[in-house]
Structures are given as C-alpha cells and as structure tokens.
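Written below as structure tokens is the structure these notes are about.
In this text, all values refer to a predicted model and were calculated from it rather than measured experimentally. Reminder, nothing fancy here: chain letters follow the sequence lines and each chain counts from 1.
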Protein chains: 2
Amino acid sequence: MAEIQPKRTRDAQATRRALLDAAASLFAERGFERATVRDIAARAGVNQALLFRYFGSKKALFGEVLARNGREQLETTAPEGLLEAALRGMLLSDDARRGDRSLDAFLRSTGGSDEVATAGRLLGDEYARVLATLSNQDDKGLRADLVLSWLLGIGLMRVVVGKEPLASADPDEICGLVLGAARTLLEGLAAPVPPSSS
Amino acid sequence: MAEIQPKRTRDAQATRRALLDAAASLFAERGFERATVRDIAARAGVNQALLFRYFGSKKALFGEVLARNGREQLETTAPEGLLEAALRGMLLSDDARRGDRSLDAFLRSTGGSDEVATAGRLLGDEYARVLATLSNQDDKGLRADLVLSWLLGIGLMRVVVGKEPLASADPDEICGLVLGAARTLLEGLAAPVPPSSS
DNA sequence: ACGCTATGTAAGCACGTGCTTACACTTGGA
DNA sequence: TCCAAGTGTAAGCACGTGCTTACATAGCGT
C-alpha cells in the first residue's frame with residue numbers, strides 16, 4: 001500500500017546502485033579477476049547484460065567502485081587520523097565491516113590489467129596527497145608514499161595472505177607499533193588512541 | 001668418451017631447469033594468472049606438454065619457483081642485512097636484475113588461488129623467521145611481520161603500481177628512511193650502507 | 001489509447017585457458 | 001640387433017570468461 005516512492009519495478013538508478021554494491025563486495029572478497037560478471041549480476045539480482053549497458057565493461061565498473069568507496073574514507077577523516085583510521089578499518093576487515101573495503105579490493109587485484117593498476121594508483125594518489133600534509137620535509141611526498149606502502153603491505157599480509165602472527169594480532173598492538181615508527185617519517189601523525197579507556 | 005657431460009640432445013634435467021627459469025622470469029613480470037603455460041613453455045623453448053609432465057600443474061610449478069628463488073636470498077645474506085638487501089633488490093627490479101625476483105612474482109600474484117597464497121605464505125614465513133632474530137621483545141614475531149609487510153608494500157607500490165614519487169625515488173634515500181623507522185621495531189637491524197663512498 | 005523509448009531477459013558467440021591424449025623419435029642396456 | 005623406457009611433439013578437449021545480440025515488456029508523454 002501507499003507507494004509514495006514510485007517503487008518502480010524498472011528503475012535504472014536502483015539497478016546501477018545494486019550493481020555497484022554487489023561489485024564492491026565481490027571485488028573486496030575475491031579481487032578483480034576472480035569476481036566474475038555473472039557473480040556480480042547474480043548478487044545484485046540483475047541480468048548481467050545490464051552491467052555492460054550501465055558500465056560498459058568490467059574494468060570500468062571496477063574503476064567506479066574504487067573511486068566511490070575510496071572517497072568516503074578520505075572525506076570523513078582528518079589527515080592526522082587517516083592512517084590510524086584506514087589501518088583499523090583494514091584490521092577489522094575479516095568480520096562484516098560496514099565501512100570502506102576498497103583497499104581490500106585493490107589488494108586482491110594487483111595481478112590485473114593495466115587499467116586496474118591505474119584505478120589503484122588514482123586511489124593511492126588521493127591517500128598520499130592527504131598524508132603528505134603531515135610533514136614539512138622536502139621529501140614529504142616520498143615519506144607519504146612509504147607510509148601508504150606500509151598500510152597496504154600490512155593489509156596484504158594480514159587479510160590476503162593470512163600471515164601469522166600478524167593475522168591474529170591485536171589491532172591496538174599493531175597500531176601502537178606502526179604509528180610509533182611511522183611518526184619517524186610523518187611528524188604530524190596523531191598518537192594512537194589509547195586502547196579502551198573511558 | 002666423456003660421459004661426464006653427455007651433451008644430450010634430449011635431457012630431462014636441462015628441460016626442467018629451462019622451464020623453471022622461464023617460469024621464474026614470467027611470473028615475476030606478469031604474476032601467476034597472466035603468465036600462461038604457453039608463454040612459459042615458449043620462453044623455455046620447450047613443448048608445453050612437458051611442463052605438465054615434469055611439474056604436474058601450473059600451481060605446482062609456481063610453488064617450486066618461489067621455493068627455489070626465495071631460498072637463495074635467505075641463504076646468502078646475514079639476518080641484520082636481510083631487510084636492506086631485499087629492499088635494494090626490489091628497488092632495482094625495473095632493470096635487468098640478476099638476483100632473486102621471487103618477491104616480484106609473489107606481489108603480482110596476490111589475486112590467485114589459495115595454493116598461490118599458500119606458496120607466498122611459506123616464503124614470507126622464512127623471511128619473517130630470520131627477521132625475528134633481530135629483536136628480543138616478546139612480540140618479535142609481530143614486529144618482524146610488520147617489517148616484512150613494509151618491504152612488500154613498498155614493492156607493491158613501486159614496481160607493481162608505479163606510484164610516484166616512490167617509483168622514481170633514489171634507492172639510497174628510501175633505504176635511509178625505511179631502515180631508520182624500522183629500527184624502531186627491530187633494534188638489531190644494521191644501519192644503511194652510506195651512499196656511494198669510495 | 002497508443003506508440004516510442006527505456007529497461008529487462010535469454011541465449012549464445014568468440015576466445016583464451018589449463019590440461020590431456022595419442023603418437024613419434026631417441027637412447028641405452030641385454 | 002632389438003625392445004622398452006625415456007623424451008619430445010602436435011592437436012585438441014572441456015571449460016569459464018567477458019561481452020553481444022535479438023527480442024520481450026513496462027511506462028511515460030502525447
């Protein structure tokens with residue numbers, strides 16, 4: 001009753017969003033190559049031909065997913081807390097994570113084609129640009145890249161490879177060690193939030 | 001005469017070695033998925049059916065490549081110099097590099113199947129075990145994993161993604177920044193070798 | 001009411017992949 | 001000399017993939 005919202009059975013916008021959401025989760029779980037367009041369409045509850053109608057190609061869809069999800073984290077976090085926020089987000093990614101999973105998707109897709117690497121580079125550029133504001137050194141760009149590399153390397157080892165003891169380590173402990181060492185490079189980084197005070 | 005070197009036209013050992021060498025270079029260049037068995041056999045100058053006769057499957061071949069090449073670096077380098085040696089090796093990988101390229105192969109193959117991730121984990125375990133000897137803290141295993149993660153993250157950003165300014169940065173400068181920060185975690189790490197004295 | 005466009009659907013094409021099979025040639029021992 | 005095992009070769013199978021095409025249907029403007 002009462003369909004104030006048109007509740008249309010045929011809604012291109014809703015279909016696009018469903019495809020984007022399904023693609024985001026599947027790319028994060030399996031990476032670009034192992035997530036097939038059939039799986040994505042199935043999870044979205046949509047015919048797979050529509051994926052190509054609305055996005056043109058699988059690669060273009062991957063680019064949109066990374067761009068959309070990556071921007072969320074960047075827009076909602078202050079520079080000095082970005083590293084810890086992104087790190088903690090990555091450390092929780094095993095469980096159902098509500099937030100951004102574009103870094104997972106990127107990490108699981110490194111073998112992909114050049115377009116995939118390009119999409120990842122764009123995402124990395126945005127992160128690094130923010131991190132670079134935390135240093136006044138001449139080589140702050142390089143310093144930011146090195147810190148970003150660490151973030152991604154930790155994600156790679158922990159969530160993709162499952163290397164122990166890193167994979168089961170306490171996020172607070174990891175944050176303490178990483179942020180302490182990273183402050184050697186970016187003097188403007190915030191100290192880690194103390195574990196469970198209050 | 002001289003059965004010591006039979007110089008055989010049909011030599012299973014030589015064929016095996018040719019396949020291993022070709023696979024090592026192609027996996028390093030393209031990663032596991034994008035290096036096809038046809039390409040590997042062609043570079044080895046060998047019929048591709050022999051690849052399956054001698055190694056059973058592409059995955060098994062990947063495992064042998066990673067195991068063989070990884071051990072070389074580990075056996076020829078002292079623990080306190082391992083990080084710098086591996087880092088410098090990775091930083092040179094753009095050019096023709098003589099030494100080990102198993103880390104490249106691993107980095108370009110993260111999206112692959114579980115067996116591929118397992119082969120990478122075995123390699124990572126060996127590196128981390130050596131690095132862990134450089135600390136006396138209780139959490140030295142975690143500290144070693146974090147340093148190893150940084151090494152791989154830098155390789156990912158520099159050689160796979162091509163992120164600037166990291167991709168074009170001077171290896172000496174990178175070593176200085178990384179080793180300085182990493183010594184916060186592993187107190188036994190050697191200081192970076194001074195750039196080009198003598 | 002009607003027709004045109006937007007949206008959804010089913011089927012399949014073209015291609016590359018890992019892997020297998022059936023066969024030919026070489027080699028070395030008896 | 002001769003056969004069996006070892007080694008090399010050509011062809012192709014079976015399958016999954018991204019993507020396309022030809023068609024059905026809904027929904028809005030007129």
CZ on B:Arg71 to OG on B:Ser102, rounded to 0.5 Å:
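Going from the OG atom of B:Ser102 to the CZ atom of B:Arg71 covers 11.0 Å.
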Atom CG of B:Leu156 and atom CG of B:Asp104: how far apart are they, to the nearest 0.5 Å?
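Here the interatomic distance stands at 11.0 Å.
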Taking A:Thr77 for the side chain and A:Leu74 for the main chain, is one N or O donor matched with an acceptor at less than 3.5 Å?
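Such a contact is absent between A:Thr77 side chain and A:Leu74 backbone.
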Report yes or no: does A:Arg108 contribute a side-chain atom to a donor-acceptor pair with the main-chain N or O of A:Arg30 at less than 3.5 Å?
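It does not hold such a pair.
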Measure from [atom1] on [X] to [atom2] on [N] and round the result to the nearest Å.
| X | N | atom1 | atom2 | result |
| --- | --- | --- | --- | --- |
| A:Phe62 | D:dG18 | CZ | C1' | 16 Å |
| A:Lys58 | C:dC15 | NZ | P | 19 Å |
| B:Phe52 | C:dA22 | CZ | C1' | 17 Å |
| B:Asp11 | C:dG28 | CG | P | 11 Å |
| B:Ile40 | C:dG16 | CD1 | P | 17 Å |
| A:Lys59 | D:dC19 | NZ | C1' | 12 Å |
| B:Asp39 | C:dC19 | CG | P | 15 Å |
| B:Leu61 | C:dT17 | CG | P | 16 Å |

Does D:dT7 have OP1 or OP2 under 4.0 Å away from a side-chain N or O of B:Thr15?
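It does not, given that no N or O in the side chain of B:Thr15 lies less than 4.0 Å from OP1 or OP2 of D:dT7.
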Closer than 4.0 Å, any side-chain N/O of B:Tyr54 to the OP1 or OP2 of D:dG8?
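For D:dG8, OP1/OP2 do have a side-chain N/O of B:Tyr54 under 4.0 Å.
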Quick one: bend of the helix from C:dA1-D:dT30 to C:dA30-D:dT1 from 5 pairs per end, to 10°?
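The end axes of the helix from C:dA1-D:dT30 to C:dA30-D:dT1 are about 10° apart, to the nearest 10°.
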Under the criterion salt bridge (Lys or Arg N to Asp or Glu O under 4.0 Å), I'd like the reasoning laid out for A:Arg68 against A:Asp21: C-alpha separation, chi angles, the key distance, then a yes or no.
CA-CA 10 Å; A:Arg68 184 189 72 161; A:Asp21 291 341; 3.1 Å; yes
With A:Arg16, which residues qualify under salt bridge (charged side-chain N to carboxylate O under 4.0 Å, His left out), at least two apart?
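Result, salt bridge (charged side-chain N to carboxylate O under 4.0 Å, His left out) vs A:Arg16: A:Glu64.
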Do nucleotides 9-14 of chain D as a string where each nucleotide becomes B, S or -: B if the base has a protein heavy atom under 4.0 Å, S if just the sugar-phosphate does, - if no protein is that close.
BB-B--
Got a sec, which residues hit side-chain hydrogen bond (donor to acceptor under 3.5 Å, both in side chains) with B:Glu80, two or more places apart in sequence or on another chain?
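B:Glu80 satisfies side-chain hydrogen bond (donor to acceptor under 3.5 Å, both in side chains) with no other residue.
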Over all strands shown, is A:Phe55 touching base, sugar-phosphate only, or nothing at heavy-atom distances under 4.0 angstrom?
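Counting heavy atoms under 4.0 Å across all strands, no contact is made by A:Phe55.
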Within residues 28-35 of chain A, residues whose heavy atoms come under 4.0 Å of DNA chain C
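Result for residues 28-35 of chain A: none.
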Checking B:Glu72 against B:Thr76: is there a side-chain donor and acceptor pair closer than 3.5 Å?
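B:Thr76 vs B:Glu72: no donor-acceptor pair found between side chains.
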Taking side chain as C-beta onward, heavy atoms only, is B:Ile174 less than 4.5 Å from B:Leu166?
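Yes, their side chains come closer than 4.5 Å.
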I want to check something: taking the side chain as every heavy atom from C-beta on, are B:Leu61 and B:Leu20 in contact at a cut-off of under 4.5 Å?
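They are in side-chain contact.
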If we check side-chain contact (heavy atoms from CB on, under 4.5 Å) with B:Leu87, which of these qualifies: B:Leu82, B:Leu92, B:Leu151, B:Leu103?
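So the option named by the test is B:Leu151.
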Heavy atoms from C-beta onward define the side chain here; which of C:dC25, C:dT7, D:dG18 lies closest to that of A:Ala12?
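The closest nucleotide is C:dT7.
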What pairs with B:Ser135 under side chain to side chain contact (heavy atoms under 4.5 Å, CB included), at least two apart in sequence or on another chain?
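Expected list: B:Gln137, B:Lys140, B:Arg143, B:Leu186, B:Glu187.
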